[in-house]
Amino acid sequence: MAVHQVPAQTGVFARYLQGLAALLDRDGGWYAVFLRRDPQGMQACLDGFEVPPWDVVGSLLQDLAVVRGREFVEQEQLRAKQLHTASAAAHDLRPGGREALVERLELMRRELIHAAGRHEELIRLIAAEPVGTESAEALSYELEWVRDDHARATARSAELRFSTPEEMETATVRT
């Protein structure tokens with residue numbers, strides 16, 4: 001299979017993801033955040049060229065709960081997880097898949113380091129601002145996003161280590 005071809009399981013998941021996205025608000029919730037922060041990445045996932053990390057799918061399911069209710073999403077989550085797992089496995093087995101995994105793991109390592117450094121910087125900046133000021137509020141808001149970025153990078157690193165060959169499973173990611 002050529003690197004640019006989409007494995008069948010990944011295509012099935014991409015169609016599932018497209019159906020899910022069609023139910024969501026493009027201007028609100030996590031879906032809107034992902035579209036704003038990485039529109040090309042989100043499109044690559046919807047087209048089946050990339051498989052989103054599970055935390056992204058989980059966030060989209062949170063958005064779906066607003067539309068369809070928590071009970072529906074609890075049932076849908078198992079189906080989504082099965083499709084995602086099969087898609088990710090097929091995607092990782094394609095030619096160049098191992099190299100892509102190693103590359104993504106390195107990217108997550110750098111993201112963790114960046115988020116940790118930014119976290120420390122924001123804590124110092126917030127401490128220097130008077131409580132309740134617009135500047136302090138803006139820094140606090142940014143700090144929440146940095147914490148989210150760190151949590152997602154941590155989850156993605158674990159997901160990637162689970163997907164990589166045994167020599168990568170023992171790799172440590174410094175935060």
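In this chain, residues are counted from 1 in sequence order.
- Within the 4.5 Å cutoff, no side-chain heavy atoms of T154 are placed close to those of E111.
- Distance CD/E103 to CG/L101: 10.0 Å, rounded to 0.5 Å.
- In this structure, the separation between CZ on R104 and CG on L107 is 9.5 Å, given to the nearest 0.5 Å.
- Looking only at atom types and distance, the side chain of S59 has a donor-acceptor partner in the side chain of R152 under 3.5 Å away.
- Sorted by first and then second residue, the pairs that involve residues 65-100 and meet ring-ring contact (aromatic ring centres under 6.0 Å, His included), not counting sequence neighbours, are F13-H84, W54-H84.
- Remark: R70 does not engage E74 in a salt bridge, criterion side-chain N to carboxylate O under 4.0 Å.
- Between A80 and V57, the closest heavy-atom pair is CB-CG1, 4.4 Å.
- Considering all non-hydrogen atoms of both residues, A14 and C45 come closest at CB-O, 4.0 Å.
- Expressed to the nearest 0.5 Å, how far CZ of R68 lies from CG of L61 amounts to 12.0 Å.
- Across all non-hydrogen atoms, the minimal contact from D38 to G41 is OD1-N, 2.9 Å.
- Shortest non-hydrogen contact noted between A153 and M108 is CA-SD, 3.9 Å.
- Closest heavy-atom contact between L105 and S157: CD1-O, 3.8 Å.
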Can you check side-chain contact (heavy atoms from CB on, under 4.5 Å) on E99 and V102, steps first, answer last? CA-CA 5 Å; E99 292 80 8; V102 170; 5.7 Å; no
Would you tabulate the side-chain donor-acceptor contacts of residues 23-32 under 3.5 Å, counting partners in other chains and residues two or more places apart, or write 'none'?
| residue | atom | partner | partner atom | Å |
| --- | --- | --- | --- | --- |
| D25 | OD1 | D27 | N | 2.8 |
| R26 | NH1 | Y31 | OH | 3.4 |
| W30 | NE1 | Q62 | OE1 | 3.2 |

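- A salt bridge between R109 and E106 is present, with a side-chain N of the basic residue lying under 4.0 Å from a carboxylate O of the acidic one.
- Within the model, atoms CG of L20 and CG of D63 stand 8.5 Å from one another, a figure rounded to the nearest 0.5 Å.
- Taking 4.0 Å as the cut-off between side-chain N and carboxylate O, E159 and R156 do not count as a salt-bridged pair.
- Within 6.0 Å of CD on Q18 lie more than 12 heavy atoms contributed by other residues, nucleotides or ligands.
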Under 3.5 Å, sequence neighbours excluded: what are the donor-acceptor pairs made by side chains of residues 126-146?
| residue | atom | partner | partner atom | Å |
| --- | --- | --- | --- | --- |
| E129 | OE1 | S135 | OG | 3.3 |
| T133 | OG1 | P130 | O | 3.0 |
| T133 | OG1 | A136 | N | 3.1 |
| S140 | OG | A136 | O | 3.0 |
| Y141 | OH | W145 | NE1 | 3.1 |
| E142 | OE1 | R118 | NH2 | 3.0 |
| E142 | OE2 | R118 | NE | 2.8 |
| E142 | OE2 | R118 | NH2 | 2.5 |
| E144 | OE2 | R147 | NH1 | 2.9 |

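- By the rule that hydrophobic residues join a cluster once side-chain heavy atoms approach within less than 4.5 Å of another member, L160 and V51 end up as members of separate clusters.
- If you take CZ on R15 and CG on L83, they are separated by 10.0 Å, rounding to the nearest 0.5 Å.
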Walk me through whether D92 and R98 qualify under salt bridge (charged side-chain N to carboxylate O under 4.0 Å, His left out). CA-CA 6 Å; D92 295 344; R98 181 190 180 287; over 6 Å; no
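- Under a hydrophobic-cluster definition in which Ile, Leu, Val, Met, Phe, Trp and Tyr are linked whenever side-chain heavy atoms come within less than 4.5 Å, directly or via other members, V12 and L60 are assigned to the same cluster.
- In this structure, the separation between CG on L125 and CD on E120 is 12.0 Å, given to the nearest 0.5 Å.
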